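Since the structure comes first, as structure tokens, the remarks are kept for the end.
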Amino acid sequence: MALIVQKYGGTSMGSAERIRNVARRVARWKAQGHQLVVVVSAMSGETNRLIALAKDVSPQPDARELDVMVSTGEQVTIALLAMALKDIGIDARSYTGGQVKVLTDSTHTKARILHIDDANMRRDLDRGTVVIVAGFQGVDENGNITTLGRGGSDTSGVALAAALGADECQIYTDVDGVYTTDPRIVPEARKLERVTFEEMLEMASLGSKVLQIRSVEFAGKYKVKLRVLSSLEEEGQETSGTLITFEEDKNMEQPIISGIAFNRDEAKLTVLGVPDRPGIAYQILGPIAENNIDVDMIIQNVGHDGTTDFSFTVNRGDFARTKKLLEEQIQPHVGARAIEGDSKICKVSAVGVGMRSHPGVASKMFRTLAEEGINIQMISTSEIKISVVVDEKYLELAVRVLHRAFGLDQA
Ligand code: ADP
Ligand code: ASP
Ligand code: MG
């Protein structure tokens with residue numbers, strides 16, 4: 001008997017029929033003698049619908065109230081799944097994040113999990129009850145409802161698995177595993193049987209939304225056995241998905257590149273003609289950080305005539321706010337000539353632990369993009385990834401040609 005945490009995403013919970021299908025899958029695992037905790041997302045589209053409704057009422061909705069509202073999506077699906085399980089004779093009980101309780105900090109809309117109380121869940125599991133928990137939500141120390149950021153049900157699933165010491169955390173989604181790139185963009189993408197934790201962390205942080213980055217961080221910290229699988233496969237046809245491994249397979253020749261990740265959700269800002277003197281980066285980025293705006297890539301060009309240009313990228317959702325901050329507060333302060341912004345950029349990255357031992361990956365990437373006439377605006381590298389910023393209109397082309405150039409296309 002094993003203790004298994006299963007997480008079902010929005011598409012998997014997207015209709016009455018799909019919810020009944022999830023119930024049947026849970027019942028099959030239960031019939032094998034396992035204890036089950038099931039974490040669910042809202043029905044697909046529901047979280048977007050709720051956020052749009054909030055923005056219709058208030059252009060910048062209050063974050064606390066937004067959390068009260070968007071958390072309802074998951075409150076609906078936990079109850080529906082419990083009903084569907086009971087209908088097929090399986091004892092099940094649903095819990096909101098607050099009822100569990102999943103304690104978080106108070107950063108509304110992107111709260112962090114601090115502690116999970118396992119008492120209610122353990123009591124139910126000991127009785128043979130299937131525990132169903134609302135993903136994406138928690139509660140702060142004052143009882144306020146919080147949410148964990150978009151895609152946060154993955155993190156709920158892995159955090160619950162860590163708290164319970166589960167034998168495995170299974171993330172059920174609408175693809176049958178982690179691919180070499182998003183299979184919706186490149187149909188030739190290949191499913192990976194295994195991917196190292198390090199690579200998954202990079203892929204998630206660079207935009208592969210198949211797993212929320214924080215869920216991968218949790219899995220790493222607490223060594224949770226994590227697997228990505230399809231919830232849409234028929235009984236008897238199930239495959240074993242992708243296992244996130246903590247060790248590189250020493251017996252296998254590592255491919256140099258394991259995957260291509262991309263992120264459309266980026267915007268670039270440039271501060272032109274700032275005086276080239278110590279402290280400038282701090283004077284520009286300090287106020288940005290104080291306003292809770294995450295900065296990703298940064299480039300400071302070589303100075304000439306005593307001035308330099310300073311560029312950085314932020315989430316596209318923070319673009320307008322960052323530009324305003326630069327124009328109204330930072331530009332006058334640092335004496336810059338002008339502020340330029342481009343919200344139509346994207347980031348494309350090649351990821352692979354094999355890169356460590358193989359030089360020449362960067363030049364191959366740059367040559368491949370050059371052959372397609374794709375201009376690289378910014379570059380950043382780490383030991384196991386190379387990222388470039390390019391015009392958004394080239395996103396799909398860049399991903400496809402890099403996927404092919406690094407030998408990732410299916411034979
Ligand atoms: P869920 O609602 O189940 O959480 P998501 O939409 O958040 O599902 O994540 C699954 C989607 O992630 C897939 O449908 C796929 O389009 C996308 N995706 C992006 N990169 C990858 C990748 N490398 N491998 C698999 N899927 C990917
Ligand atoms: N329903 C939430 C979202 O759409 C959480 C999740 O699906 O993981 O972001
Ligand atoms: Mg998701």
Side-chain angles (χ1 to χ4, degrees), residues 6-15 18 22 38-52 66-67 69-78 97 102 109-111 133-138 146-160 169-195 199-216 227-232 239 241-242 244 257-265 348-352 395-396 399 402-403 408:
Q6 299 187 331
K7 176 258 168 176
Y8 290 92
T11 313
S12 314
M13 298 294 290
S15 65
R18 291 223 165 128
V22 168
V38 184
V39 177
V40 297
S41 292
M43 295 171 90
S44 57
E46 179 63 3
T47 310
N48 286 345
R49 188 186 73 82
L50 291 169
I51 292 172
L66 195 59
D67 278 352
M69 183 192 193
V70 296
S71 60
T72 60
E74 275 74 10
Q75 191 166 335
V76 169
T77 46
I78 50 170
V102 177
T109 76
K110 42 184 170 189
V133 178
F136 179 52
Q137 55 179 262
T146 55
T147 63
L148 310 179
R150 298 307 306 271
S153 299
D154 296 332
T155 302
S156 307
V158 180
L160 283 165
C169 179
Q170 303 173 339
I171 305 284
Y172 283 94
T173 182
D174 53 6
V175 285
D176 59 352
V178 178
Y179 278 68
T180 47
T181 193
D182 189 340
R184 291 181 208 286
I185 300 285
V186 182
E188 294 80 15
R190 268 187 296 116
K191 192 185 92 176
L192 300 164
E193 292 301 317
R194 294 163 160 261
V195 60
E199 287 170 325
M200 195 63 239
L201 199 60
E202 284 287 8
M203 282 171 73
S205 85
L206 295 170
S208 301
K209 68 167 188 166
V210 61
L211 286 176
Q212 198 204 33
I213 170 103
R214 282 189 188 165
S215 70
V216 189
R227 199 183 279 283
V228 177
L229 308 124
S230 167
S231 72
L232 307 175
T239 55
T242 300
I244 320 300
I257 297 298
S258 298
I260 308 293
F262 56 85
N263 188 2
R264 299 173 196 275
D265 188 26
V348 180
S349 311
V351 177
L395 177 108
E396 297 192 4
V399 173
L402 290 173
H403 196 266
L408 298 173

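Computation of the quantities below employed the complete heavy-atom set of this structure, encompassing side-chain atoms and omitting hydrogens, waters and symmetry-equivalent molecules. The shown structure was predicted, so the numbers you read here are calculated from the model rather than taken from an experiment. Counting starts at 1 for both ligands and their atoms, following the listed order.
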Expected output: side-chain S215 to main-chain T155 donor-acceptor under 3.5 Å: no

Atom 24 (N) of ligand 1 [closest protein heavy-atom partner, distance rounded to 0.1 Å]: Y179 N, 2.9 Å

Heavy-atom nearest neighbour in the protein, as seen from atom 15 (C) of ligand 1, with distance rounded to 0.1 Å: D182 OD1, 3.3 Å

Electrostatic pair K209-D154, nearest N-O below 4.0 angstrom: no

Region of V228 that comes within reach of ligand 1 [heavy atoms, distance under 4.0 Å]: neither

Set of residues satisfying salt bridge (charged side-chain N to carboxylate O under 4.0 Å, His left out) with respect to R18, sequence neighbours excluded: none

Which residue and heavy atom of the protein sit nearest atom 9 (O) of ligand 2, plus the separation: R150 NE, 2.7 Å

Numbering as shown, the atoms of ligand 1 that approach R184 to under 4.0 Å (heavy-atom distance): 13 (C), 14 (O), 15 (C), 16 (O)

Under 3.5 Å: N/O of T173 near N/O of ligand 1: yes

Verdict with supporting geometry, T146 and D67, side chain to side chain donor-acceptor pair (under 3.5 Å): CA-CA 5 Å; T146 55; D67 278 352; 5.5 Å; no

Sub-4.0 Å atoms of ligand 2 with respect to non-hydrogen atoms of E74: 1 (N), 2 (C), 5 (C)

Partner residues of R264 under the salt bridge (charged side-chain N to carboxylate O under 4.0 Å, His left out) criterion, sequence neighbours left out: E396

Side chain, backbone, both or neither: A261 near ligand 1, heavy atoms under 4.0 Å: neither

V178 neighbourhood, listing ligand 1 atoms whose heavy-atom distance to it stays under 4.0 Å: 24 (N)

Non-hydrogen side-chain atoms of R184 and D174 separated by less than 4.5 Å: yes

side-chain contact (heavy atoms from CB on, under 4.5 Å) partner of V178, chosen from E193, R194, M200: M200

Residue-ligand contact G152/ligand 2, heavy atom below 4.0 Å: yes

Nearest-0.5 Å distance, CZ of residue R49 to OG1 of residue T47: 10.0 Å

Residue selection (non-hydrogen contact nearest atom 13 (C) of ligand 1) among V210, D174, V351: D174

Of T181, D176, D182, the residue whose pairing with Y179 passes side-chain hydrogen bond (donor to acceptor under 3.5 Å, both in side chains): D176

Under-4.0 Å heavy-atom contact with ligand 2, by part of Q212 that carries it: neither

Test item: I51 and R150 side chains (from C-beta on) under 4.5 Å apart, heavy atoms: yes

Close approach of G151 to ligand 2, heavy atoms, under 4.0 angstrom: yes

Non-hydrogen atom of G151 closer than 4.0 Å to ligand 1: no

Nearest non-hydrogen protein atom, atom 7 (O) of ligand 2: S41 OG, 3.1 Å

Options A42, G177, S208, G9, ranked by nearest heavy atom to atom 25 (C) of ligand 1, top entry: G177

Atom indices of ligand 2 within 4.0 angstrom of T47 heavy atoms, with elements: 1 (N), 2 (C), 3 (C), 4 (O)

Options K209, M200, Q212, ranked by nearest heavy atom to atom 5 (P) of ligand 1, top entry: K209

Option passing side-chain hydrogen bond (donor to acceptor under 3.5 Å, both in side chains) with S12 (candidates S41, S231, S44): S231

Any N/O pair G10/ligand 1 closer than 3.5 Å: yes

Donor-acceptor contact present, side-chain T77 to main-chain M43, <3.5 Å: no

Contact check: F136 vs ligand 2, nitrogen or oxygen atoms, below 3.5 angstrom: no

D154, any N or O under 3.5 Å of ligand 2 N or O: no

Under 3.5 Å donor-acceptor, E46 side chain and G73 backbone: no

Donor-acceptor pair, side chain of S230 and main chain of L232, under 3.5 angstrom: yes

Atoms of ligand 1 close to T181 [distance to a heavy atom under 4.0 angstrom, numbered from 1]: 22 (C), 23 (N)

Ligand 1 versus K7: contacting region, heavy-atom distance under 4.0 Å: side chain

